[in-house]
Each structure stands twice: as C-alpha cells, then as structure tokens.
Amino acid sequence: MATGKKTLDRALSRAGACSRAEAARAITAGRVAVNGRVVRQPETWVDPVRDRLTLDGAPVCAIGKLVFRLHKPVGYVTTAADERDRATVYDLLPRELPWLGPVGRLDRDTSGLLLFTNDSDLAHAITDPASHLPKTYVATCQGSIAATARQALADGVTLPDGRTAPARVALLAQDAHTTTLELTLTEGRNRQVRRMVEAVGSNVLHLVRTRIGPLPLGDEPLGSGRLLRAEEVAALRAAVSRAAGRRC
Ligand code: URA
C-alpha cells in the first residue's frame with residue numbers, strides 16, 4: 001500500500017467530515033462515493049489527495065489540522081453522543097467547525113480547559129502517559145488534608161489500576177472545612193484526581209483543569225472557546241516533544 005493511503009472511514013474523519021465511527025456508518029449505508037462510485041466497505045484503501053470522495057453527493061475536501069480550546073462547564077459529558085441523552089460538549093462547539101475529536105476527557109462534574117482536534121497524532125501525544133505532558137488541576141477538597149497526605153499525593157498513591165506517577169502538589173488554601181490544592185499530573189487516567197484525593201481520605205468537591213502543557217485556561221467565558229492560533233499549536237507540539245524527550 002502506497003504511503004499516504006488511508007482506509008475510507010479514516011480518510012473521511014481526517015478530512016473533518018465526521019467521526020470515524022460515523023464515517024463507517026455512512027459508508028455502510030451507501031452515502032459515500034469514491035471517484036463517483038458508491039463504496040460500502042469502510043476499510044477500502046483510498047488516496048485522500050488523488051481520489052475524489054463525496055458524502056451525500058457533496059465533495060469531502062481535506063482540511064488542515066485544527067485545534068479548538070473549550071472552557072468546559074460542569075454538566076456536560078465528553079462524548080459525541082450520550083446513551084443517556086445528557087448534554088454533551090459537542091452542544092457547545094460552533095456549528096461551522098469541522099468534526100474534531102476530544103483530546104482526552106473531563107468528567108461531567110469537572111470544568112476547565114478541554115481541547116479538540118482532527119490531528120490524531122497530536123491528540124495521542126497529548127494524552128499518552130509516555131509523553132509526560134503536564135496537566136494542572138485546582139481541586140477543592142473536603143476537610144483538611146494534612147501535609148503527610150499532600151506528600152503522599154506528590155509521591156504517588158496506590159489505586160486499583162496501579163501506583164500514580166510523581167505529581168506536583170501545591171497547597172492554595174485551607175480551613176477547617178476545605179482544602180484547595182493545585183495538582184500537576186503527567187498521566188491522564190480516568191477520574192484520576194478524584195481517585196487520588198479519595199485515596200488520602202478526602203473527596204473532591206469542585207475540580208477545574210487550569211492548564212494543559214503551555215496552554216493556560218485563559219479568560220474565555222464558561223461554555224465558549226476558539227481555535228488555537230498557529231503559535232499556540234506550535235508551542236503545544238514543542239511541549240509534547242520536549243516532555244517526551246525529558247523522560248525517555
Ligand atoms: N481527574 C478527574 O478526576 N477528573 C477529570 O475530569 C480530570 C482529571
């Protein structure tokens with residue numbers, strides 16, 4: 001197979017037409033043609049540069065690689081279609097955007113910076129624990145978390161899916177009822193902050209992701225976002241390769 005060829009479902013999702021799963025469904029349903037002929041096998045190899053792809057008769061043109069940043073509010077699930085019909089982060093994206101996939105996830109009860117992209121290599125590099133790209137969270141936790149427990153969070157705690165990697169933990173505020181911590185993690189396990197805090201005997205009351213690598217949450221209003229500028233994408237790419245290089 002020549003370099004540059006892709007399976008038809010991947011070519012459609014890379015072009016921003018839809019997700020790969022949606023592409024597979026559209027192809028099987030006979031809505032996609034390659035050089036004027038309907039193709040019903042998602043795994044058919046195509047050359048996205050030379051072959052003419054159409055979806056419902058409209059040309060699918062390759063678009064450039066885009067990264068969108070969203071200030072996610074609480075109450076939205078990070079998925080394209082929720083089986084329980086809850087509000088999803090896609091309800092917040094501008095209609096004119098091509099299809100972009102979420103870069104990792106934020107829980108429904110977590111707010112903060114969430115990225116979307118059609119660059120699957122970049123998305124993988126950002127979320128892959130082997131890249132060690134730091135992500136920072138501010139967690140308001142129940143009760144007072146002692147210095148020894150904060151040190152345990154920094155050193156690594158044992159969760160059912162293994163010990164957590166060393167993290168940066170800073171105490172931002174504390175009183176008799178709550179402790180506010182800033183945690184910087186280089187992994188991205190499911191509900192990791194909440195589970196780490198539970199492992200030291202507390203509970204997260206409120207969680208915000210405030211930074212991904214070089215990108216701070218910024219001052220976009222909750223529920224809105226924008227495409228990253230070229231220099232922001234370049235900084236993100238550089239941070240991913242620097243972070244990966246540091247630990248290899
Ligand atoms: N850790 C969590 O517990 N939840 C998130 O959404 C992200 C990180």
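Read the numbers this way: they start at 1 and go in the same order the structure lists the ligands and their atoms. What you are looking at is a predicted structure, and each value in this text was computed from that prediction instead of being measured.
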Query raised in the report: Would you call Arg195 and Glu198 a salt bridge, taking side-chain N to carboxylate O under 4.0 Å as the test?
Result: no
Report task. Taking only Lys NZ, Arg NE, NH1 and NH2, and the carboxylate oxygens of Asp or Glu, determine whether Glu232 and Arg226 approach each other closer than 4.0 Å. Result -> yes
Requested in this report: Return a yes/no value for Leu106: is any of its N or O atoms, backbone included, closer than 3.5 angstrom to an N or O of ligand 1?
Outcome: no
**Report entry** Numbered atoms of ligand 1 (with element) below 4.0 Å of Arg194, judged on heavy atoms
**Finding:** 3 (O)
Query raised in the report: With a 4.0 Å heavy-atom cut-off (strictly under), which part of Thr110 contacts ligand 1: side chain, backbone, both or neither?
Result: side chain
Query raised in the report: Tell me, which protein residue and heavy-atom name are nearest atom 5 (C) of ligand 1, and how many Å apart are they?
Result: Asp107 OD2, 3.5 Å
Query raised in the report: How far is atom 1 (N) of ligand 1 from its nearest protein heavy atom, and which residue and atom name does that atom have?
Result: Val193 N, 3.1 Å
Requested in this report: Mind telling me whether Phe116 and Tyr90 have parallel, tilted or perpendicular rings, with 30° and 60° as the class edges?
Outcome: perpendicular
**Report entry** The single option from Asp47, Leu8, Val32 passing side chain to side chain contact (heavy atoms under 4.5 Å, CB included) against Leu53
**Finding:** Leu8
Query raised in the report: Within the structure, does Arg105 bring an N/O atom to less than 3.5 angstrom of an N/O atom in ligand 1?
Result: no
Query - Backbone N/O of Thr28 and side chain of Arg40: donor-acceptor pair under 3.5 Å - result: yes
Query raised in the report: Can any side-chain N or O of Arg105 pair as donor or acceptor with the backbone N or O of Thr78 at less than 3.5 Å?
Result: yes
Query raised in the report: What do we get for Leu207 next to ligand 1 when only non-hydrogen atoms under 4.0 Å count, side chain, backbone, both or neither?
Result: side chain
Query raised in the report: Hey, are Lys72 and Asp107 close enough for a salt bridge, meaning a charged N less than 4.0 Å from a carboxylate O?
Result: no
Report summary line: atom 7 (C) of ligand 1 has as its nearest protein heavy atom Tyr137 CE2, 3.5 Å
Report task. Report yes if Arg189 has an N/O atom closer than 3.5 Å to an N/O atom of ligand 1; otherwise report no. Result -> no
